[in-house]
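Working notes for the structure below.
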There are 2 protein chains.
Amino acid sequence: MNLDDRKKKILSSVVEDYISSAEPVGSKTLVDKYHLEYSSATIRNEMKLLEEQGYLEQPHVSAGRIPSTKGYRYYVDNLMKEKKLSMVDINYIDNSITGFGDTEKLLEQAADVISKVLTRPTVLTLKKQDLLENIKIVKVSDKLLLIIILSQNGTVKDCFAKLTDSVQDQTIEELTEILNKNLVGTPLENLSLVLNNVIAKELTAFSFVLDKICESIKYEMSKEQKKLSANVESILELPEFSDVEKAKNFVNMISTKEVIDEALEKTKSNGLGIIIGSESKEVMLKDCSIISLDIEKDNKHIGKISVISPKRIDYSKTISTLKYINTKFKNLLLNDKDEGG
Amino acid sequence: MNLDDRKKKILSSVVEDYISSAEPVGSKTLVDKYHLEYSSATIRNEMKLLEEQGYLEQPHVSAGRIPSTKGYRYYVDNLMKEKKLSMVDINYIDNSITGFGDTEKLLEQAADVISKVLTRPTVLTLKKQDLLENIKIVKVSDKLLLIIILSQNGTVKDCFAKLTDSVQDQTIEELTEILNKNLVGTPLENLSLVLNNVIAKELTAFSFVLDKICESIKYEMSKEQKKLSANVESILELPEFSDVEKAKNFVNMISTKEVIDEALEKTKSNGLGIIIGSESKEVMLKDCSIISLDIEKDNKHIGKISVISPKRIDYSKTISTLKYINTKFKNLLLNDKDEGG
DNA sequence: AGTTAGCACTCAAGAACTTAAAGTGCTAAA
DNA sequence: TTTAGCACTTTAAGTTCTTGAGTGCTAACT
């Protein structure tokens, strides 16, 4: 399982050249471009051995070599040097992720900016388990209420309730208090269920308002936890997808919740997970890599941002980017807690 | 400019066959599939005349005919029969557009659902001119405020302000009142400007809170009025884009604000506008059609949903869909006003 | 005069073949 | 152990050939 220095150098060069060129790498290219101090014949011999050991593969006999899943894995685990992000990228990220939005908006911004920096699609998955922090009801006008739902993960949702009769300011205040007394700490997904109980139990007097509120909240919560895919179109730029049929398949795959869920199941390892090609059980992903970052708040896992790409992707830059985002989020979300409680 | 009945029948059949098949239509196809009671030779003669008059064109001499821009236009204006939407589509639309969200969310839902029903991308453009209806400030915790900005067009925006010191409930109340007194009716885009003036003038006492609020609002408002493109990937299904290069161009075009803006400039005619191919000045759109719906609220134009497609699109279904959405919105947005004032 | 059958003609798309280039693996020499 | 050299393989690109779809025109027909 261990390679000598020369093999390491060759493997590393093949991976890096292929990542940037998308063309199988031949022995001559390595001599010319990477100034390896061996002849092309020697490199050919070594590459043959690397292929026999499963690190490289050959699309056909007269082509150069491309890294196999095992080759990428060895590169990522042993050979890759961590790159520093360019100032351009850092500035772009810093300007794009501000602390003003709620958690969900922050994560969306991050998924978006990552996809731009890496020119690959990203998928954002939010953890469903989120508890109610607070409900506020704002009377917009006589018969229109704005309901604001704050979650403990720091997400804000708002929805309208349109009433059939007008309602007093004081009623709203009382109602808000009662709702919060009964609902704080409830998982968001159970909210409408518990709400129904509250109504049944003690709030029949308010039901003309509460029914509407309940209806609205129920709908808002029933919406499937959004899975946002950013920058899916970016794949069109990749030579891997010069065939529309392949592009279509990839898009369909990304949109298939199950495929992604399955893959993400086991992507966790100190916040950063990498699945390369056939390491995933999902056959549809056999030519793809998923690199994903777990986002935590108050030591609780609240969501995940995943970069989805053909196996050919700049792993080093991807990891630097995700790490940078991670520290950024640590600060952003920490501040909430420190200053907010 | 007027065509006899036989020419109308032939033109109409060519357009409809081409819309569904994406293949140039030959004389024999017309006889077989559309049971036109003339021989193929007669139809050939007629098609030649239609081509000479500019209604049809021929990709090459041994191919059938496809409609020209002029042909589509004649079809849309004179020949097309309005289709009823299927119950499936109506149900899908009804279930997808609920009245619980704010205007912006409603429009996003609509743009999304339209793109699904028509399997074409849609672009949502929101009118910038929107005045402040109300600002609410909610104290989430000691040092964290949630600022809710309600616009007269019915859009809700919220952002956080993180304070360095804790703040009294009463301060918030006073502040909210002062802000509303000074800011209601201000165009959203000027909000932070006017806010700065307010601070300077009379609110120096609150500045430790207000500065943060101002910063947050400023950012929230500075975000370019989002132009949301839904379902861009759907183009991959169209034979027009079996070449990735073309798909790429199309995506880039959609993402180029200027191109779309230019085209949309003059899409208004009783709410529904149709631009076909070279009717647009923008050369990039010469093979595309844009069908767009103006959304009004209280007789004010607040936004536009546009379907963007190759010229080959089911115009009849598109128009039915947009009309249905339009009546739906009339009700949804009317309710706001009636009940809300 | 309008319509239609018939036929020669054109062109694109695909099949079959040819060629050129890239890159290998092996052998034998350094 | 390394390397020069060469025969060999395979793809990609280019060329030619073939087929089929569909036309436009002419001449006959109603």
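Quantities reported herein were computed from a predicted structural model and do not represent experimental measurements. Protein chains get the first letters and strands the later ones, always in sequence-line order, with residue 1 at the start of each.
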Sugar-phosphate, base or nothing in reach of A:Lys28, heavy atoms under 4.0 Å: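 The residue A:Lys28 makes no contact with any strand.
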Residue list, ring-ring contact (aromatic ring centres under 6.0 Å, His included) with A:Phe241, at least two apart or on another chain: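 Residues passing ring-ring contact (aromatic ring centres under 6.0 Å, His included) with A:Phe241: A:Phe250.
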Figure out the [atom1]/[atom2] separation between [X] and [N], and round it to whole Å.
X       : N      : atom1 : atom2 : value
B:Leu56 : D:dT23 : CG    : P     : 11 Å
B:Tyr18 : D:dG22 : OH    : C1'   : 16 Å
B:Leu30 : D:dA21 : CG    : C1'   : 14 Å
B:Met47 : D:dG22 : CE    : P     : 9 Å
A:Asn45 : D:dA4  : CG    : P     : 13 Å
B:Glu57 : D:dG22 : CD    : C1'   : 17 Å
B:Leu50 : D:dT23 : CG    : C1'   : 15 Å

Along DNA chain C, first and last positions that approach a heavy atom of chain B under 4.0 Å: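 Here the contact window of chain B covers C:dT3 to C:dA12.
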Pair [X], [Y]: side-chain N/O donor-acceptor within cut-off below 3.5 Å:
X       : Y       : result
A:Asn2  : A:Tyr74 : yes
B:Ser86 : B:Asp89 : yes
B:Thr42 : B:Ser39 : yes
B:Tyr34 : B:Ser12 : no

side-chain contact (heavy atoms from CB on, under 4.5 Å) partner of B:Ile274, chosen from B:Val307, B:Ile290, B:Ile319, B:Asp77: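 The single option meeting the side-chain contact (heavy atoms from CB on, under 4.5 Å) with B:Ile274 is B:Ile319.
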Whichever of B:Glu46 and A:Arg65 has its nearest DNA chain C nucleotide further upstream toward 5':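 Between the two, 5'-proximity favours B:Glu46.
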Position toward the 5' end of DNA chain C (nearest nucleotide), B:Arg6 or A:Glu51: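 Per heavy-atom nearest nucleotide, the more 5' residue is B:Arg6.
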Any pair counted as side chain to side chain donor-acceptor pair (under 3.5 Å), so long as it reaches residues 237-252 of chain B, sequence neighbours left out: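 Applying side chain to side chain donor-acceptor pair (under 3.5 Å) to every pair that reaches into residues 237-252 of chain B, excluding sequence neighbours, yields B:Glu240-B:Arg312.
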Set of residues satisfying salt bridge (Lys or Arg N to Asp or Glu O under 4.0 Å) with respect to B:Arg65, sequence neighbours excluded: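 Here the qualifying residues are B:Glu51.
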Salt bridge (Lys or Arg N to Asp or Glu O under 4.0 Å) between A:Glu37 and A:Lys9, intermediate numbers included: CA-CA 11 Å; A:Glu37 58 270 32; A:Lys9 233 180 233 172; 3.6 Å; yes
Stretch residues 33-42 of chain B: residues that reach within less than 4.0 Å of DNA chain C through a heavy atom: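 Residues of residues 33-42 of chain B under 4.0 Å from DNA chain C: B:Tyr38, B:Ser39, B:Ala41, B:Thr42.
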Nucleotides 9-19 of chain D: which of its N/O atoms have a protein N/O under 3.5 Å away?
from	atom 1	to	atom 2	distance (Å)
D:dT10	O2	A:Ser62	OG	2.9

Row check, B:Tyr72 ring normal vs B:Lys311 NZ/CZ: under 6.0 Å, within 45°: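 No - B:Lys311 does not lie over the ring of B:Tyr72 by the 6.0 Å and 45° rule.
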Lys/Arg-Asp/Glu bridge criterion (N-O < 4.0 Å) met for B:Asp4, B:Lys8: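 No, no charged N to carboxylate O under 4.0 Å.
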